[in-house]
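In what follows, every chain begins at residue 1, and chains take the letters A, B, ... in the order their sequences are listed.
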Amino acid sequence: MKISIQINEGPYQHQASDTAYQFAKAAIAKGHEIFRVFFYHDGVDNASRFTVPPQDDRHIVNNWADLGIKNADGNEVELVVCVAAALRRGMLDASEAGKNGIDSNNIHPAFRISGLGQLIEAGIQSDRLVVFGD
Amino acid sequence: MSTKKFMYLNRKAPYGTVYALESLEVVLIAAAFEQDVSLVFIDDGVYQIVDGQNTDGIGMKNFSKAYHALGDYDINQLYVSAESLTERGLSVDDLMPLVYEDEDDDWAEKPSIKVVSNVEISKIMSEQDVCLSF
């Protein structure tokens with residue numbers, strides 16, 4: 001089955017991202033395909049490359065980025081951050097930083113910024129869209 | 001592109017959290033994908049479409065006017081929980097008069113809002129392909 005995931009909450013504050021990650025790994029282990037993970041609302045904070053958790057804790061950003069969740073066919077799971085939600089929360093990639101005259105960027109390179117159309121398309125293309133959040 | 005039934009479930013008051021605003025942003029983008037779209041307003045989500053919203057005192061943008069645009073985007077299935085209205089001392093008369101023009105009926109202006117019971121909402125929900133909960 002082709003599955004997409006929407007994550008609506010930030011890391012560490014809320015279980016949404018952790019649970020979604022465990023779900024994604026389990027689904028792939030069962031032979032399903034994760035088509036896309038879409039980060040929305042405070043979920044965009046899961047993409048910050050500036051995240052530095054204590055050493056004895058899980059690294060949620062790297063968990064996603066390290067692609068312990070590669071699909072069975074070897075293709076990487078798409079990690080997409082909503083541009084509108086990201087910008088209003090101070091999450092920028094190099095391109096958006098340049099456009100907005102800001103001198104730094106913080107999106108982890110494993111993630112890419114894109115529009116909400118990617119969420120709708122994921123809903124259309126996938127057999128299931130699973131939402132994690134409040 | 002195939003057509004699916006998308007339902008957007010709005011459960012939160014409009015200004016206490018960002019869910020309502022960012023849900024509306026998804027819905028307006030989704031309109032471009034020509035899917036079968038319906039919205040549900042339930043729990044505190046009914047406050048999102050209360051008439052006469054005024055945000056002057058809280059320094060936030062009053063985005064309630066954008067709901068009037070839904071009809072122009074062919075989004076005209078707005079289901080409001082009767083129980084949620086009653087629990088809050090509200091009736092349909094307290095809601096914005098959201099309308100659409102019915103192209104199958106000589107562009108007659110018709111109400112988009114339908115007040116329905118939670119049992120009916122669950123039935124409509126069970127007929128959906130994708131439910132996005134905000």
Side-chain angles (χ1 to χ4, degrees), chain A residues 1-11 13-17 19-20 23 32-47 80-91 96 113-134, chain B residues 1-40 42-45 47-48 55 58-63 66 69-70 73-75 77 125-134:
Chain A
M1 188 175 279
K2 189 188 263 194
I3 300 168
S4 285
I5 290 172
Q6 179 182 346
I7 298 175
N8 288 341
E9 312 294 338
Q13 160 84 5
H14 194 285
Q15 75 171 72
S17 184
T19 310
F23 172 84
H32 300 292
E33 177 195 357
I34 304 294
F35 174 62
R36 180 173 293 152
V37 184
F38 192 87
F39 296 87
Y40 197 44
H41 302 306
D42 280 359
V44 299
D45 290 334
N46 287 286
V80 178
V81 181
C82 170
V83 61
L87 289 182
R88 66 161 61 97
R89 289 171 177 80
M91 296 290 298
E96 291 297 337
I113 281 188
S114 192
L116 281 165
Q118 296 268 301
L119 172 62
I120 309 302
E121 193 211 22
I124 295 169
Q125 299 287 340
S126 306
D127 299 306
R128 295 284 187 279
L129 175 66
V130 188
V131 184
F132 292 85
D134 274 341
Chain B
M1 199 176 275
S2 62
T3 300
K4 284 190 173 181
K5 290 171 79 73
F6 276 70
M7 172 178 278
Y8 297 87
L9 202 57
N10 298 290
R11 300 172 294 131
K12 305 229 175 18
Y15 302 103
T17 62
V18 77
Y19 295 102
L21 171 65
E22 291 191 332
S23 170
L24 186 59
E25 289 182 349
V26 177
V27 169
L28 293 173
I29 294 285
F33 285 76
E34 298 186 346
Q35 303 294 303
D36 179 342
V37 171
S38 59
L39 274 60
V40 168
I42 193 168
D43 300 339
D44 279 350
Y47 288 119
Q48 294 179 22
T55 60
I58 58 173
M60 293 171 74
K61 185 168 78 176
N62 182 350
F63 60 90
L70 293 174
Y73 288 104
D74 287 332
I75 297 172
Q77 305 174 82
M125 194 182 296
S126 69
E127 295 162 356
Q128 303 297 313
D129 297 306
V130 182
C131 288
L132 292 141
S133 174
F134 294 98

For the CD atom on B:E127, are there more than 12 heavy atoms of other groups (residues, nucleotides or ligands in this structure) within a distance under 6.0 Å? yes
List the steps and the verdict of side chain to side chain contact (heavy atoms under 4.5 Å, CB included) for A:I120 and B:V26. CA-CA 8 Å; A:I120 309 302; B:V26 177; 3.8 Å; yes
Rounded distance (nearest 0.5 Å) linking atom NE2 of A:H41 with atom OG of B:S23: 7.0 Å
Rounded to the nearest 0.5 Å, what separates atom CG in B:D129 from atom CD1 in A:I124? 10.5 Å
Check each atom of A:D42 against the heavy atoms of chain B and say whether the ones under 4.5 Å are side chain, backbone, both or neither. neither
Residue B:Y19 versus chain A: region with a heavy atom under 4.5 Å: both
May I ask you to test the B:V18-A:R89 pair for a side-chain heavy-atom distance under 4.5 Å? yes
Measure the spacing between CZ of B:F33 and CG of A:L116 and express it to the nearest 0.5 Å. 9.0 Å
Heavy atoms from other residues, nucleotides or ligands near NZ of A:K2 exceed 12 (cutoff 6.0 Å): yes
Looking only at B:R11, B:E25, B:E22, the option with the highest number of non-hydrogen pairs under 4.5 Å against chain A is B:E22
Roughly how far apart are A:D134 CG and B:T17 OG1, rounded to 0.5 Å? 9.0 Å
Which atoms of A:R88 are under 4.5 Å from chain B, going by heavy atoms: the side chain, the backbone, both sets, or neither? side chain
